[in-house]
There are 2 protein chains.
Amino acid sequence: MVAVDCVIFGFDPTGIKLLVFQRKVQPFFGHWSLIGSFVQPKEDVRTAAIRIVEESTGLTDVYLEELGCYGQVDRDPGARVVSIVHYALLRIDEYKLSPVEDYQARWFDFEDLPDLIFDHQKMVKDAMNKLRKKSRYRPIGFELLPAQFTIPQLKKLYDAIYQKELDRRNFRKKILSMKILNKLNIKDRSSSKKGAYLYEFNKENYEQLLQEGIDFKL
Amino acid sequence: MVAVDCVIFGFDPTGIKLLVFQRKVQPFFGHWSLIGSFVQPKEDVRTAAIRIVEESTGLTDVYLEELGCYGQVDRDPGARVVSIVHYALLRIDEYKLSPVEDYQARWFDFEDLPDLIFDHQKMVKDAMNKLRKKSRYRPIGFELLPAQFTIPQLKKLYDAIYQKELDRRNFRKKILSMKILNKLNIKDRSSSKKGAYLYEFNKENYEQLLQEGIDFKL
DNA sequence: CCAAAAGTGTTATCGCTACACCCATGA
DNA sequence: TCATGGGTGTAGCGATAACACTTTTGG
C-alpha cells in the first residue's frame, strides 16, 4: 500500500508553525498526526499530495515538494504502508478555515509540537532540515510570507529558519542586490511607527537568475 | 506495487559511466533499463535497494541514496508500479564481474547512453543533477574513485561532474586545505613520467568537518 | 634534451562581516 | 522629545580566481 503524508509549514510573526491533525481512525484515534491518505489506483503520487493539501487546507497553489520515502516494514503497526512524504509551504493568512476545522487541525509552534504517531516525528525533523538546506540556495522562504511583505518580516522568517539572528543591514543588502524584490510605495505600519516598505517577489527576475546559476546564500 | 530502481554510477579515467541492464522479462525483453526489483513484503525499502545493488554488482558497501519517488499512473504500461529510485556510486575497479555478467549488464559512457525503457531516462537525468548538486557541498566524489587516488585523478572526476575544467592549482589548494586527504609516500606513474602522489580519503577528519559545518565547494 | 604532466606561489578582486549613524513617527 | 524600529554606508578581512614558473623523468 502506498500513502502520502504531508508536512505543512506556515509562518507568522511569532515563528514557524506546523499544521497537525487529530486522527479520526483507529488505531491511535484522536492522536496528533500529519495529514495523509492512500494513493488512489488511478492517481499520480504527486497528484495525491496536491489533493491532500487541498482537502485539508482549501489551498491549491502552494509550494509542495517531495521529501522522501518512508518504507520501514513496521513503521505502521497496522499494515505494510510505504509513505511518500511531501512538505508544503503556505501562507497562513491565506488558508481557508473551514476545511481545516473539519479535519480537527491545529497550527502548533514548531518549537512546541505534540507527540505524533508512527514515524511522523522523524518526518517533521527531516522536513525542517530539508527546508533549512534548501532555503540556503533557493528563495523558498517567500512561499511562507503573504504576497506583500516587508524586509524586516522576511528577515524574521530567515532568523527562524536558520535559528539564529542574521544581521539586519547585511540581510537587506544581499536580498536587494539580487533584484528579485519589487518595492511598492506603500508602508506597513503594523510593527513600527516609522513603517517599513512593502515588497513583492519578482518571479521573472528570479527565474532568470536561476538560469545564470544563482547561489542564494543568506 | 512498490519497486526500487537503481541508477548506478561509476568513473574511470575516460569519464563517468552508468551501469545498465538488458531486461529479461516482457514487455520490452532485451531493451536496456536500470536494474530494479519489487520490494518484498517483509523488506524495508532501503534494504531492497541495498539488495538490488548487491545482487547486480556483488558489492555491499557502496554509497547509496534515495533519489525520489516515480509515481505516475502510466509510467509502466503493464501495471501500476510506484518506483522508489535510488542512486549508487561505486568504484569500477572493485566491482565483481560475475554477477554483472549474469545480469547482462554493461557500463556505458554517461555521455553516450542507449535508449532506456519507461521513465528511466528521466531518472538518470535527475540522478546526475542530484549528484552535481550534492557534490558541491559533500565530498561524495570520493565514492567513485579507488581507495587510493591521485589529485589529478580527483580533479578529472570533478571536471566530469561539473562539466567544466577546474583550475589545477586552485583545486589542489582547496582540497588540501580541508585536510581530508592522507598523503601516501607512493607515486602512481600510470599517467605521467614524473608520477603523482597517491592519497587516501581521511574519514575521521571529514566527519569532524561536518560537525563544524563544512561547505565543500570546489 | 625535450615533451608532458605534476607540483608550488603570488596577486588582484570580490563578497562577506562587523560595525555606527541617521530617519520617521506615535506616544 | 524620546523610544522604537527602519533605512543606509563603510572599512577590513578572507576566500576565490587568474595566472607563470619550476620539477621530474621516460623516451
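All values derive from a computational prediction rather than experimental measurement. Just so we're on the same page: letters track the sequence lines, and every chain starts at 1. Note that these values count all heavy atoms, side chains included, but never hydrogens, waters or copies made by symmetry.
- B:D93 is linked by a side-chain hydrogen bond (donor to acceptor under 3.5 Å, both in side chains) to nothing, counting only residues two or more places apart in sequence or in another chain.
- Atom pair A:L154:CG and D:dG7:P shows a separation of 12 Å (rounding to whole Å applied).
- Taking atom CG of residue A:L198 and atom P of nucleotide D:dG6, one finds them 12 Å apart after rounding to whole Å.
- Nucleotide D:dG7 holds its P atom 14 Å from the CD1 atom of A:I175, rounded to whole Å.
- Ranking D:dA18, D:dT16, C:dA5 by closeness to the B:S191 side chain, first place goes to C:dA5.
- Rounded to an integer number of Å, the gap from CG of B:D188 to C1' of D:dT24 is 15 Å.
- For A:K203 and A:E207, the salt-bridge test fails: no basic side-chain N is under 4.0 Å from an acidic carboxylate O.
- B:F171 has its CZ atom 19 Å from the P atom of C:dG9, to the nearest Å.
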Write down the protein N/O and nucleotide N/O pairs, taken from nucleotides 20-27 of chain C, whose separation is under 3.5 Å; answer none if there are no such pairs.
from, atom 1, to, atom 2, distance (Å)
C:dA20, N7, A:R169, NH1, 2.7
C:dA20, N6, A:R169, NE, 3.4
C:dA20, N6, A:R169, NH1, 2.5
C:dC23, O2, A:K194, NZ, 3.0

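- Residue whose closest nucleotide on DNA chain D sits further toward the 5' end, between A:S192 and B:D167: A:S192.
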(message) Could you walk me through whether A:D126 and A:Y70 satisfy the side-chain contact (heavy atoms from CB on, under 4.5 Å) test, starting with their C-alpha distance in whole Å, then the side-chain angles of each, then the deciding distance to 0.1 Å, before giving a yes or no?
(response) CA-CA 11 Å; A:D126 293 345; A:Y70 289 68; 2.5 Å; yes
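- Not counting sequence neighbours, the partners of A:K183 by the side chain to side chain contact (heavy atoms under 4.5 Å, CB included) test are A:Y197, A:Y199.
- One can place NZ of A:K155 at 13 Å from P of D:dG7, the figure rounded to the nearest angstrom.
- Within the 4.0 Å cut-off from OP1 or OP2 of D:dT8, not a single side-chain nitrogen or oxygen of A:K173 is found.
- Protein atom NZ of A:K164 is 10 Å distant from nucleotide atom C1' of C:dT17, rounded to whole Å.
- Straight-line distance from the CD1 atom of A:I151 to the P atom of D:dG5: 18 Å, rounded to whole Å.
- Partners of B:D188 according to the side-chain hydrogen bond (donor to acceptor under 3.5 Å, both in side chains) rule, which considers only residues two or more places apart in sequence or in another chain, are B:S190.
- Every residue two or more places apart in sequence or in another chain was checked for a side-chain hydrogen bond (donor to acceptor under 3.5 Å, both in side chains) with A:K125, and none qualifies.
- Where B:K156 and B:N170 each meet DNA chain C at their nearest nucleotide, the meeting point lying more 5' is that of B:K156.
- Residues forming a side-chain hydrogen bond (donor to acceptor under 3.5 Å, both in side chains) with A:K156 (at least two apart in sequence, or on another chain): none.
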